[in-house]
Amino acid sequence: MHANVHVIGDATGQANFKALHDPFWVRWGLVGVAVGFIVLFLCVPLGLVLYQAFSKGWQAYWTALAQPDAIAAMQLTLVVALITVPLNTVFGVAAAWAITRFEFWGKSLLTTLIDLPFSVSPVISGLIFVLMFGAQGWFGQWFSVHDIKVIFAVPGIVLATIFITFPFVARELIPLMQEMGSEEEEAALSLGASGWKTFFLVTLPNIKWALLYGVLLCNARAMGEFGAVSVVSGHIRGVTNTLPLHVEVSYNDYDVIGAFSSASILAGLAIVTLVLKSFLEWKQARA
Amino acid sequence: MSILLNNISKNFGKFAALYDVSLEIPEGELVALLGPSGCGKTTLLRIIAGLETPDFGRVLLSGEDKTEQHVSRRGIGFVFQHYALFRHMTVFDNIAFGLRVKPRKERPTEAFISKKVHSLLELVQLDWLADRFPDQLSGGQRQRIALARALAVEPSVLLLDEPFGALDASVRKDLRQWLRNLHQELHVTSIFVTHDQEEAMEVASQVVVLNQGRIEQQGAPADIYDHPANAFVSKFIGQTNIFDLSETESNWLQRAGILAEKPQGIFAHVRPHHIDIVKAEEASGSPVTLKDWQHLGATIRVELFNPQHNGSGATLFAEMPNERFKQLNLNKGDRVAVHIKQAHWFN
């Protein structure tokens, strides 16, 4: 009797396992496909970038990075990010605040428009600025009269990058601020705090990790953007080439070390971004 | 500080939340805004606070028109239903917030703030929680901290939105008593919103009954219970049996010997404790039987059934003290004679 019960128990255990788990070959097949895909499309290219960059040794790597054009490209990339990211941080917070705290006409339209840069091809985004500010563009006449260069110059690159990266911060903040509601802010106001104090003492501490996360993604894209910047930059070496453009120009010149050493900088940026991103996600989950 | 509301109206889109509400609250009262959900009571509270602006009408605090004044300058304390404690601050910092955000000239010293916060923590009997964060507290503790935070700026009006709504029944009972005592100690004009008539009757010195954006009645709890202004108030405050005399021949209650007075309207509202029952004589012919009863502690609620009558009045509830019910010595299914001592009449 006792043994019988035991056998039945075991059998149901087996049945349970079989009922809840897919067969061996399905499970390992799926894992194999996923891992294989990641290795083939992410790890191998990354390894190849580093392999090519160092194929002629450290010395050649450093020499390539120390070229004036490469240094100028890095500087320009930093300048563009330094202008773009703070502007889009302010814009993102303002937009998230407006959308989650106020009722106004056209609110859902604004919410949709914030996503526009995600849905438009970057090349089109670049062309928009050429059409507006280029020599034949709407405002081109006015700018050339006043001797201001926008297209094929740094201002155009900044404008295109702002356009491409403006959704990142707002996209991170809107769902969080919607979920938080405005009761804490109302409480702060009722206690006599001004709008600014309420923002800095109550709202900002609650959204800081999400805000940093948005800023990080915004920065990664600002430094890595190719399509839109390529259209407006004009590819003037040492002047309007950002790092991604410098990679392309070097590669087209058969300067393999130059192209891949610059690419390794961008790859390094991506890895740092990923590490910081995981850290912020972990922080946000705990906050 | 006295509160005067003049002809307040508020619409949300096409929904009229408040319709021409006027209300006067004398200084030092503890007032309950009572009504079913969606009746506009929270909107009214938020308008007094300045968290909403009325479409029409004026808000006067101590005789001064404050309708256009920003919430941060009204000198009100607001306690939110879900506490709205600052989650990234300790209990101490939460309570100190209102003092620390004052303009530099009015801001007290840290030493004064610390003293004030600790005295408030003692007032709400939670001094040992100063270094905790809000998510480490129970609901009742959070509510008391929220109250201490609101009191820190010494508001002239205290507004509480469903202050006990999110708490366990037992904690709620304790806090009601506590709030009443606190009000007697501080004497600050206070308004709280509730949908629980028992809570309103127990805590408030004045009750304002709201329904569908209008004030139905305002008065002391006893007044409202004993002299409901209309059928809504009678139904909403306490239990009531409703007899619709338009459904039936209008004098049946009287003829059945149930009702002592002549009908004075179409609807008779009868409180359960105004119904008296005795065991029916064999010959009396009373059709009413005792269906069931429930023990409510000190009182017994008796469910009566009248098989000759359908619609309103087919099932009646009577309430009486425990001892009285024991003396009657009734069992389920016994026929009883019913006597209505008092009714409120409405048309």
Side-chain angles (χ1 to χ4, degrees), chain A residues 93 96-111 172-215 279-287, chain B residues 12-13 42 45-46 48-53 69-90 93-104 106-107 133-135 142 145-162 166:
Chain A
V93 172
W97 186 277
I99 284 168
T100 57
R101 296 295 181 259
F102 304 130
E103 286 303 321
F104 55 90
W105 190 86
K107 182 164 139 171
S108 56
L109 184 69
L110 179 64
T111 315
E172 277 310 312
L173 293 184
I174 288 168
L176 176 72
M177 288 174 71
Q178 248 156 7
E179 187 216 297
M180 278 190 345
S182 51
E183 271 202 348
E184 282 182 50
E185 284 144 17
E186 287 180 344
L189 291 175
S190 78
L191 290 165
S194 63
W196 284 112
K197 276 187 176 159
T198 301
F199 177 74
F200 283 109
L201 297 175
V202 176
T203 313
L204 198 56
N206 281 335
I207 62 169
K208 64 182 175 201
W209 296 116
L211 180 63
L212 277 176
Y213 187 90
V215 167
F279 172 73
L280 289 175
E281 275 169 354
W282 176 75
K283 267 292 192 190
Q284 234 179 314
R286 282 162 48 105
Chain B
F12 294 111
T42 294
L45 195 75
R46 289 172 64 87
I48 298 171
L51 293 168
E52 303 277 358
T53 32
Q69 199 173 39
H70 191 253
V71 47
S72 62
R73 293 169 204 283
R74 285 199 189 185
I76 51 98
F78 201 99
V79 177
F80 292 83
Q81 183 180 3
H82 300 290
Y83 328 120
L85 292 176
F86 307 128
R87 60 192 100 175
H88 61 288
M89 293 183 201
T90 61
D93 292 337
N94 261 283
I95 299 175
F97 185 88
L99 298 170
R100 286 181 177 155
V101 296
K102 278 181 189 286
R104 199 174 293 277
E106 302 164 32
R107 200 182 305 161
F133 283 90
D135 63 1
R142 283 182 215 187
I145 297 301
L147 194 58
R149 182 178 69 177
L151 289 172
V153 290
E154 295 179 0
S156 39
V157 178
L158 190 59
L159 306 171
L160 307 106
D161 184 12
E162 299 262 5

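Letters go in sequence order (proteins before strands), and every chain restarts at 1.
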**Q.** Within-4.5 Å side-chain heavy-atom neighbours: Lys208(A) and His88(B)
**A.** no
**Q.** Heavy-atom check, side chain of Glu186(A) versus side chain of Phe78(B), under 4.5 Å
**A.** no
Given that the side chain runs from C-beta out, which part of [X] has a heavy atom under 4.5 Å from chain A: side chain, backbone, both or neither?
X: Arg74(B); value: neither
X: Ala150(B); value: backbone
X: Arg73(B); value: neither
X: Phe86(B); value: both
X: His70(B); value: side chain

**Q.** Listed partners of Glu103(A) passing salt bridge (Lys or Arg N to Asp or Glu O under 4.0 Å), at least two apart
**A.** Lys107(A)
Which atom pairs, one a donor and one an acceptor, fall under 3.5 Å between side chains of residues 188-198 of chain A and the rest of the protein, sequence neighbours left out?
{"unit_1": "Ser190(A)", "atom_1": "OG", "unit_2": "Ala187(A)", "atom_2": "O", "d": "2.9"}
{"unit_1": "Ser194(A)", "atom_1": "OG", "unit_2": "Lys197(A)", "atom_2": "N", "d": "3.3"}
{"unit_1": "Lys197(A)", "atom_1": "NZ", "unit_2": "Val101(B)", "atom_2": "O", "d": "3.1"}
{"unit_1": "Thr198(A)", "atom_1": "OG1", "unit_2": "Ser194(A)", "atom_2": "O", "d": "2.8"}

(Q) I need the residue from Val153(B), Leu85(B), Leu99(B) with the largest number of non-hydrogen atom pairs under 4.5 Å to chain A. (A) Leu85(B)
Q: Enter the distance from Tyr83(B):OH to Glu184(A):CD here, rounded to the nearest 0.5 Å.
A: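 Tyr83(B) OH to Glu184(A) CD: 14.0 Å, rounded to 0.5 Å.
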